[in-house]
Trainee: 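Mind having a look at this structure? Questions to follow.
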Amino acid sequence: MIRQNLVEALSRQVNAELYSAYLYLAMSAWADRQGLKGFANWLHVQYQEETAHGMHLYEFILDRGAAPEFHPIDKPETEWDSPLAVFEHVARHEAHVTDLINGLATLAMKENDHSMYMAVQWYVNEQVEEEANADQIVQKLKLIGDNGGLLLTLDAEMAARVFVDPFAGAAAN
Ligand code: OFO
(Lines give C-alpha, C1' and ligand atoms only; values in the text may rest on other atoms or scores of the structure.)
Protein backbone atom coordinates (compact mmCIF):
# COMPACT_ATOMS: atom_id res chain seq x y z
CA MET A 1 0.00 0.00 0.00
CA ILE A 2 1.32 3.42 -0.91
CA ARG A 3 1.60 6.04 1.82
CA GLN A 4 -0.86 8.92 1.78
CA ASN A 5 1.85 11.61 1.68
CA LEU A 6 3.16 9.97 -1.52
CA VAL A 7 -0.33 9.91 -3.06
CA GLU A 8 -0.58 13.62 -2.27
CA ALA A 9 2.81 14.37 -3.83
CA LEU A 10 2.03 12.30 -6.93
CA SER A 11 -1.38 13.96 -7.29
CA ARG A 12 0.33 17.38 -7.11
CA GLN A 13 2.63 16.24 -9.91
CA VAL A 14 -0.35 15.09 -12.00
CA ASN A 15 -1.71 18.60 -11.54
CA ALA A 16 1.66 20.15 -12.51
CA GLU A 17 1.82 18.02 -15.68
CA LEU A 18 -1.73 18.96 -16.63
CA TYR A 19 -0.87 22.62 -15.97
CA SER A 20 2.13 22.15 -18.30
CA ALA A 21 -0.25 20.75 -20.92
CA TYR A 22 -2.54 23.76 -20.50
CA LEU A 23 0.40 26.18 -20.72
CA TYR A 24 1.63 24.59 -23.96
CA LEU A 25 -1.89 24.70 -25.37
CA ALA A 26 -2.04 28.44 -24.61
CA MET A 27 1.36 28.88 -26.29
CA SER A 28 0.16 26.89 -29.31
CA ALA A 29 -2.91 29.11 -29.61
CA TRP A 30 -0.67 32.20 -29.42
CA ALA A 31 1.63 30.89 -32.18
CA ASP A 32 -1.35 29.98 -34.34
CA ARG A 33 -2.66 33.53 -34.04
CA GLN A 34 0.74 34.89 -35.19
CA GLY A 35 0.56 32.75 -38.35
CA LEU A 36 3.36 30.50 -37.07
CA LYS A 37 1.62 27.20 -37.76
CA GLY A 38 4.81 25.14 -37.34
CA PHE A 39 5.44 26.55 -33.85
CA ALA A 40 1.76 26.00 -33.09
CA ASN A 41 2.15 22.36 -34.14
CA TRP A 42 5.30 21.79 -32.05
CA LEU A 43 3.64 23.30 -28.98
CA HIS A 44 0.46 21.31 -29.56
CA VAL A 45 2.47 18.08 -29.70
CA GLN A 46 4.07 19.16 -26.42
CA TYR A 47 0.57 19.67 -24.96
CA GLN A 48 -0.21 16.06 -25.90
CA GLU A 49 3.05 14.85 -24.32
CA GLU A 50 2.35 16.66 -21.06
CA THR A 51 -1.14 15.19 -20.93
CA ALA A 52 0.42 11.72 -21.33
CA HIS A 53 2.94 12.52 -18.54
CA GLY A 54 0.09 13.49 -16.20
CA MET A 55 -2.10 10.52 -17.07
CA HIS A 56 0.73 8.04 -16.59
CA LEU A 57 1.25 9.21 -12.99
CA TYR A 58 -2.52 9.23 -12.44
CA GLU A 59 -2.66 5.59 -13.57
CA PHE A 60 0.29 4.75 -11.34
CA ILE A 61 -1.66 6.06 -8.32
CA LEU A 62 -4.65 3.92 -9.29
CA ASP A 63 -2.43 0.88 -9.87
CA ARG A 64 -1.12 1.27 -6.33
CA GLY A 65 -4.70 1.03 -5.06
CA ALA A 66 -4.99 4.69 -4.01
CA ALA A 67 -7.37 7.52 -4.87
CA PRO A 68 -5.83 10.36 -6.92
CA GLU A 69 -6.53 13.86 -5.61
CA PHE A 70 -8.01 16.48 -7.91
CA HIS A 71 -6.84 20.08 -7.58
CA PRO A 72 -7.76 23.10 -9.70
CA ILE A 73 -5.51 23.67 -12.70
CA ASP A 74 -4.08 27.21 -12.74
CA LYS A 75 -4.84 29.59 -15.59
CA PRO A 76 -1.79 29.84 -17.86
CA GLU A 77 -0.39 33.01 -19.39
CA THR A 78 -1.81 33.64 -22.87
CA GLU A 79 0.28 36.49 -24.33
CA TRP A 80 3.97 36.71 -25.23
CA ASP A 81 5.98 39.33 -27.10
CA SER A 82 7.78 36.99 -29.49
CA PRO A 83 8.58 33.32 -30.23
CA LEU A 84 11.80 33.87 -28.26
CA ALA A 85 9.79 35.03 -25.22
CA VAL A 86 7.65 31.86 -25.56
CA PHE A 87 10.65 29.54 -25.57
CA GLU A 88 12.46 31.39 -22.79
CA HIS A 89 9.28 30.78 -20.78
CA VAL A 90 9.37 27.10 -21.83
CA ALA A 91 13.01 26.82 -20.66
CA ARG A 92 12.21 28.40 -17.27
CA HIS A 93 9.13 26.23 -16.89
CA GLU A 94 10.94 22.98 -17.67
CA ALA A 95 13.74 23.85 -15.22
CA HIS A 96 11.02 24.29 -12.58
CA VAL A 97 9.43 20.94 -13.50
CA THR A 98 12.84 19.29 -13.17
CA ASP A 99 13.01 20.61 -9.59
CA LEU A 100 9.56 19.13 -8.90
CA ILE A 101 10.57 15.75 -10.33
CA ASN A 102 13.79 15.68 -8.33
CA GLY A 103 11.75 16.45 -5.22
CA LEU A 104 9.45 13.50 -5.96
CA ALA A 105 12.41 11.15 -6.45
CA THR A 106 13.97 12.31 -3.16
CA LEU A 107 10.67 11.80 -1.33
CA ALA A 108 10.20 8.30 -2.79
CA MET A 109 13.70 7.38 -1.69
CA LYS A 110 13.15 8.81 1.80
CA GLU A 111 9.93 6.81 2.19
CA ASN A 112 11.66 3.69 0.86
CA ASP A 113 9.06 3.35 -1.93
CA HIS A 114 11.08 1.69 -4.69
CA SER A 115 8.16 1.28 -7.06
CA MET A 116 7.46 5.03 -6.98
CA TYR A 117 11.18 5.76 -7.22
CA MET A 118 11.40 3.60 -10.36
CA ALA A 119 8.32 5.25 -11.89
CA VAL A 120 9.75 8.71 -11.25
CA GLN A 121 13.08 7.80 -12.87
CA TRP A 122 11.41 7.89 -16.30
CA TYR A 123 10.55 11.55 -15.62
CA VAL A 124 14.08 12.29 -14.38
CA ASN A 125 15.44 11.20 -17.78
CA GLU A 126 12.65 12.90 -19.70
CA GLN A 127 13.45 16.25 -18.07
CA VAL A 128 16.98 16.14 -19.51
CA GLU A 129 15.43 16.01 -22.98
CA GLU A 130 12.74 18.60 -22.17
CA GLU A 131 15.33 21.14 -20.99
CA ALA A 132 17.69 20.40 -23.90
CA ASN A 133 14.89 20.86 -26.48
CA ALA A 134 13.86 24.20 -24.99
CA ASP A 135 17.46 25.47 -24.78
CA GLN A 136 18.16 24.43 -28.36
CA ILE A 137 15.16 26.34 -29.70
CA VAL A 138 16.05 29.40 -27.57
CA GLN A 139 19.56 29.34 -29.10
CA LYS A 140 18.17 29.08 -32.63
CA LEU A 141 15.74 31.94 -32.05
CA LYS A 142 18.55 34.11 -30.69
CA LEU A 143 20.62 33.42 -33.81
CA ILE A 144 17.62 34.18 -36.05
CA GLY A 145 17.04 37.55 -34.38
CA ASP A 146 14.87 39.75 -36.60
CA ASN A 147 15.36 37.69 -39.76
CA GLY A 148 11.77 36.83 -40.82
CA GLY A 149 12.90 34.44 -43.57
CA LEU A 150 14.93 32.34 -41.14
CA LEU A 151 12.04 32.37 -38.67
CA LEU A 152 9.79 30.89 -41.35
CA THR A 153 12.42 28.22 -42.10
CA LEU A 154 12.42 27.24 -38.41
CA ASP A 155 8.61 27.35 -38.44
CA ALA A 156 8.61 24.81 -41.30
CA GLU A 157 11.00 22.61 -39.30
CA MET A 158 8.72 22.76 -36.26
CA ALA A 159 5.76 21.69 -38.43
CA ALA A 160 7.34 18.24 -38.86
CA ARG A 161 7.01 17.21 -35.18
CA VAL A 162 4.46 14.44 -34.60
CA PHE A 163 3.07 13.10 -31.35
CA VAL A 164 4.27 9.66 -30.34
CA ASP A 165 2.77 8.34 -27.10
CA PRO A 166 5.82 8.05 -24.82
CA PHE A 167 4.19 5.19 -22.89
CA ALA A 168 2.76 3.24 -25.83
CA GLY A 169 3.02 -0.44 -25.11
CA ALA A 170 4.38 0.17 -21.60
CA ALA A 171 2.77 -1.06 -18.41
CA ALA A 172 1.52 1.73 -16.14
CA ASN A 173 4.57 1.47 -13.91
FE1 OFO B 1 6.18 16.77 -18.27
O2 OFO B 1 7.71 17.43 -18.99
FE3 OFO B 1 7.50 19.20 -19.54
O4 OFO B 1 6.70 19.91 -18.10
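Throughout, residue positions are numbered sequentially from 1 according to the sequence presented. Atoms within a ligand are numbered from 1 in the order they appear, just like the ligands themselves.
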Trainee: Quick test: of every protein heavy atom, which one is nearest to atom 3 (Fe) of ligand 1, and how far off is it to 0.1 Å?
Mentor: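 Here the closest protein heavy atom is E50 OE2, 2.1 Å.
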
Trainee: Side chains of H44 and Q46: any donor to acceptor distance under 3.5 Å?
Mentor: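 Side-chain D/A pair, Q46 to H44: absent.
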
Trainee: Using the side-chain contact (heavy atoms from CB on, under 4.5 Å) rule, take E17 and V97 through it: C-alpha gap first, then chi angles, then the decisive distance, then the call.
Mentor: CA-CA 8 Å; E17 299 290 346; V97 173; 4.2 Å; yes

Trainee: Would you mind reporting whether K37 and D32 have side-chain heavy atoms less than 4.5 Å apart?
Mentor: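 Contact flag for D32/K37 side chains = yes.
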
Trainee: Quick one: which ligand 1 atoms are inside 4.0 Å of a heavy atom on S20?
Mentor: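 Answer, ordered by atom number: 4 (O).
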
Trainee: CG/D135 to CD/E88 distance, rounded to the nearest 0.5 angstrom?
Mentor: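 The CD atom of E88 is 10.5 Å from CG of D135, to the nearest 0.5 Å.
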
Trainee: Just let me know how E94 lines up against ligand 1, side chain, backbone, both or neither, with a heavy-atom cut-off below 4.0 Å.
Mentor: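 Just the side chain.
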
Trainee: Quick one: do R161 and E49 make a salt bridge, cutoff under 4.0 Å?
Mentor: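 So R161 pairs with E49 through a salt bridge.
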
Trainee: Starting from atom 1 (Fe) of ligand 1, look over the N/O/S atoms of H53 and name the nearest one.
Mentor: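 Nearest N/O/S atom: ND1.
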
Trainee: Which of the numbered atoms in ligand 1 are under 4.0 angstrom from any heavy atom belonging to V97?
Mentor: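 Counting atoms of ligand 1 from 1, those under 4.0 Å from V97 are 4 (O).
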
Trainee: Does E126 reach ligand 1 with a nitrogen or oxygen that is under 3.5 Å from one of the ligand's nitrogen or oxygen atoms?
Mentor: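 In fact, backbone or side chain, E126 has no N or O that close.
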
Trainee: So which of the N, O or S atoms of E17 lies nearest atom 1 (Fe) of ligand 1?
Mentor: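 It is OE1, the N, O or S atom of E17 closest to atom 1 (Fe) of ligand 1.
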
Trainee: State the atom name: nearest N, O or S atom of E130 to atom 3 (Fe) of ligand 1.
Mentor: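 In E130, the heteroatom (N, O or S) nearest atom 3 (Fe) of ligand 1 is OE2.
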
Trainee: I'd like to know: is atom 1 (Fe) of ligand 1 within the 2.8 Å range of an N/O/S atom from E49, strictly under that distance?
Mentor: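 Checking E49: none of its N, O or S atoms is under 2.8 Å.
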
Trainee: Answer with yes or no whether the side chains of E69 and S11 bring together a donor and an acceptor at under 3.5 Å.
Mentor: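 Result is no, nothing qualifies.
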
Trainee: How about E50 and H53: does a side-chain donor come under 3.5 Å of a side-chain acceptor?
Mentor: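 E50 vs H53: donor-acceptor pair found between side chains.
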
